> 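The structure under discussion is supplied below as structure tokens; questions concerning it will follow.
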Amino acid sequence: MQQSEELSGGIDAGSQPLDELMQKIADHKGCGSSGGGGKSSCGSSAGQGDLAPEIWEKVKNHPCYSEEAHHHYARMHVAVAPACNIQCNYCNRKYDCANESRPGVVSEKLTPEQAAKKVLAVASTIPQMTVLGIAGPGDPLANPEKTFKTFQLISETAPDIKLCLSTNGLALPDHVDTIKAFNVDHVTITINMVDPDIGAEIYPWVFFNHKRYTGRDAAKILTERQLQGLEMLTERGILCKVNSVMIPGVNDAHLVEVNKAVKSRGAFLHNIMPLISAPEHGTVFGLNGQRGPTAQELKALQDSCEGEMNMMRHCRQCRADAVGLLGEDRSAEFTTEKIMTMDVKYDSETRKAYQQKVEQERQATVAAKNLELATLAGERSDIKILIAVATKGGGRINEHFGHAKEFQVYEVGTDGAKFVGHRRVDLYCQGGYGEEDSIETIIRALNDCTAVFVAKIGHCPKDSLAEAGIEPVDRYALEYIEQSAISYYKEYLDRVRDGEVTHVARGDADIRQGAFISA
Ligand code: CLF
Ligand code: SF4
């Protein structure tokens with residue numbers, strides 16, 4: 001398997017022996033804990049040293065609950081839950097639940113039995129797939145029989161896979177004990193408001209206790225049920241993430257209040273996602289011209305909430321049938337037609353061995369970052385820069401510019417490198433040729449970045465990026481991302497001091513609004 005070769009090759013490639021690196025990381029703790037409320041200073045980048053051991057066990061290979069894990073571990077969703085019990089103004093029922101996915105392609109709906117076979121097929125093909133999530137295409141808890149039957153089948157046949165659930169929260173208090181009984185250790189609730197007046201602008205109706213409620217009454221029921229469900233889950237030790245959709249002019253300023261409300265009820269992580277809204281989606285917000293946030297508006301809100309609790313910034317708003325690492329979509333390899341003909345053998349030993357290898361590579365990544373970080377000690381500067389990175393996983397700069405479907409964005413300063421988001425783009429290289437139209441959209445998406453790290457890049461896009469003031473950098477090809485970002489930052493500070501470059505604040509950037517279509 002190609003990925004396996006990359007992995008085993010990657011551990012030694014130009015890096016120090018693992019033992020030596022691990023000794024050095026033991027001497028230097030990079031990402032400190034801020035104490036109080038159990039919050040790490042690094043948000044979802046919190047590592048083993050920042051979290052209580054029992055929490056670390058739960059998040060260490062969950063790609064959504066740990067930013068660091070998302071470079072190495074994959075998740076899959078099964079679309080077993082078609083119905084929904086509320087209406088959101090950013091949702092069109094023709095598409096997946098927009099609380100946990102982006103509008104684009106209707107998922108292939110599965111029975112629990114088909115879903116269980118699909119999970120085994122994917123787990124056998126992608127050994128780093130560690131989490132199964134049910135996230136739609138409607139609300140999993142508006143379809144409790146199908147949802148829990150699926151969890152039951154999977155826990156019987158593949159007990160090493162973590163179970164995960166994402167809900168709008170309306171029916172949550174009724175199912176908390178079942179969730180606990182099925183060992184579902186991770187639950188996401190989408191909470192967009194704690195003020196029913198704001199809720200009335202987001203939700204036209206909810207269906208509760210056999211009755212349809214509208215306006216403020218609907219939003220009041222919803223917020224009460226969401227917060228009650230959150231409290232009940234955290235009381236039972238279930239790790240909760242809260243998703244919030246940022247809707248400029250509607251709930252953007254209010255999300256700071258939401259952040260405080262969910263933190264005080266024990267939520268582990270807050271994921272503020274941009275509204276995806278375009279007329280072609282046929283949603284209320286799409287049709288009335290409600291815009292989504294820009295990249296800098298989203299980052300500013302996430303930054304302002306980060307003082308309060310762990311923030312997730314690596315969400316890809318994936319589909320209800322997504323498969324693979326976050327940021328890749330391998331769902332087309334696992335259609336129902338294909339999996340029904342597959343002879344699946346679930347080999348937990350091979351999975352375990354593979355994951356041990358992944359773990360070594362991951363530790364080497366962290367160790368390399370911390371070594372580089374130590375070289376910044378004593379450096380004083382207010383300069384922070386954003387660096388966009390072309391990667392296909394493993395925490396390395398291993399993607400060609402022309403093949404990148406997204407760029408990961410890191411903010412670098414004297415305190416180190418931090419993942420702050422990603423930008424989805426059109427492929428630059430189409431059929432072997434550079435696509436001139438796409439370079440403009442790519443530059444708009446990366447406009448706030450000082451540099452873009454790639455494994456390789458052609459002359460034309462290199463020149464276009466340089467003209468736009470974004471430095472294309474290919475000298476760190478195949479190296480670790482964060483280690484390289486810190487090294488570049490040190491050089492950048494030297495160049496600024498020597499007068500070779502003038503540091504200027506970059507402008508804003510676009511978050512792409514178009515539909516995501518799998519390969
Ligand atoms: Fe799926 Fe959600 Fe579980 Fe992750 S996704 S149910 S917590 S396994 Fe993850 Fe996808 Fe974002 Fe969701 S990147 S949309 S946060
Ligand atoms: Fe759509 Fe999800 Fe909202 Fe239901 S909860 S209306 S499926 S976005």
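These numbers were taken from a predicted model, which means no experiment stands behind them. Order of listing sets the numbers, starting from 1, for every ligand and every atom in it. The first residue in the sequence is number 1, and the count goes up from there.
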> Does some non-hydrogen atom of A142 fall short of 4.0 Å from ligand 2?
no

> Non-hydrogen atoms of H62 versus ligand 1: any pair closer than 4.0 Å?
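The answer is yes: ligand 1 sits under 4.0 Å from a heavy atom of H62.
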
> Are L325 and E328 side-chain neighbours, meaning at least one heavy-atom pair lies under 4.5 Å?
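They are in contact (side-chain heavy atoms under 4.5 Å apart), so the answer is yes.
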
> Is it true that T188 and K241 share a donor-acceptor pair across their side chains at a distance under 3.5 Å?
yes

> Could you list which atoms of ligand 2 come closer than 4.0 Å to a heavy atom of C91?
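Per the distance check, 1 (Fe), 6 (S), 7 (S), 8 (S).
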
> Give, for atom OG of S277 and atom CD1 of I247, the distance between the pair rounded to the nearest 0.5 Å.
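Nearest 0.5 Å value for the OG-CD1 distance: 9.0 Å.
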
> Below 4.0 Å, non-hydrogen atoms only: which portion of M273 touches ligand 1? Side chain, backbone, both or neither.
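Under 4.0 Å from ligand 1, M273 contributes no heavy atoms.
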
> Check ligand 2 against N168 and write out every atom of the ligand that is under 4.0 Å from a heavy-atom position of the residue.
5 (S)

> Under 4.0 Å from any heavy atom of C84, which atoms of ligand 2 are there?
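Listed by number with element, the hits are 4 (Fe), 5 (S), 6 (S), 7 (S).
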
> Under a 4.0 angstrom heavy-atom cut-off, which atoms of ligand 1 come close to V131?
8 (S)

> Just jot down the ligand 1 atoms closer than 4.0 angstrom to any heavy atom of C318, in number order.
5 (S), 10 (Fe), 13 (S), 14 (S)

> Considering C164, A320, S166, which one's heavy-atom position lies nearest to atom 3 (Fe) of ligand 1?
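Considering heavy atoms of C164, A320, S166, the nearest to atom 3 (Fe) of ligand 1 sits in C164.
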
> Using non-hydrogen atoms of the residue, decide whether I86 is closer than 4.0 angstrom to ligand 2.
yes

> Taking the side chain as C-beta and beyond, is there a heavy-atom pair between H77 and R319 under 4.5 Å?
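Result no, sub-4.5 Å side-chain heavy-atom pair not found.
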
> Y480 ring centre to R396 NZ or CZ under 6.0 Å, with the angle to the axis within 45°?
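Yes, R396 sits over the ring of Y480.
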
> Under 2.8 Å from atom 11 (Fe) of ligand 1, can any N, O or S atom of H314 be found?
no

> Under 4.0 angstrom from ligand 1, any heavy atom of M76?
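Distance cut 4.0 Å: M76 fails for ligand 1.
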
> Closer than 4.0 Å to some heavy atom of R316 - which atoms of ligand 1 meet that?
11 (Fe), 13 (S)

> What atoms of ligand 2 come within less than 4.0 Å of a heavy atom belonging to C88?
3 (Fe), 5 (S), 6 (S), 8 (S)

> Could you list the atoms of ligand 1 found under 4.0 angstrom from a heavy atom of C315?
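Close to C315: 11 (Fe), 13 (S), 14 (S), 15 (S).
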
> Grab the two heavy atoms, one from L255 and one from N192, that are nearest each other, plus how far apart they are.
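For L255 and N192, the tightest heavy-atom pair comes out as CD2-O, 3.7 Å.
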
> Identify which one of H422, H71, H70, H62 satisfies the ring-ring contact (aromatic ring centres under 6.0 Å, His included) criterion when paired with H314.
H70

> Check whether any heavy atom of K241 sits under 4.0 Å from an atom of ligand 1.
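Yes.
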
> What's the shortest heavy-atom distance between T157 and L153, and which atoms?
OG1-O, 2.9 Å

> Give me the ring orientation class for F407 and F401: parallel if the planes are under 30° apart, tilted from 30 to 60°, perpendicular past 60°.
tilted

> Taking the non-hydrogen atoms of H186, is any one of them nearer than 4.0 angstrom to ligand 1?
no

> Might you point out which heavy atoms bring D321 and S331 nearest each other, and give the distance in Å?
O-CB, 3.3 Å

> Can you sort out which atoms of ligand 1 are near L326, meaning under 4.0 Å from one of its heavy atoms?
13 (S)

> Can we say E406 and R316 salt-bridge, meaning some charged N sits less than 4.0 Å from an Asp/Glu carboxylate O?
yes

> I'd like to know if atom 9 (Fe) of ligand 1 has an N/O/S atom from C64 within less than 2.8 Å of it, counting both backbone and side-chain atoms.
yes

> Numbering the atoms of ligand 1 from 1, which are under 4.0 Å from a heavy atom of H77?
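Matching atoms, with element in brackets: 1 (Fe), 5 (S), 6 (S), 8 (S).
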
> Any idea which atoms of ligand 2 are less than 4.0 Å away from a heavy-atom of P137?
7 (S)

> Ring-plane angle category for F148 and H175, please: parallel below 30°, perpendicular beyond 60°, tilted otherwise.
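The arrangement is tilted - the two ring planes meet at 30° to 60°.
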
> Just so I know, are the side chains of Y203 and M193 near enough to count as touching, which here means a heavy-atom distance under 4.5 Å?
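Result yes, sub-4.5 Å side-chain heavy-atom pair found.
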
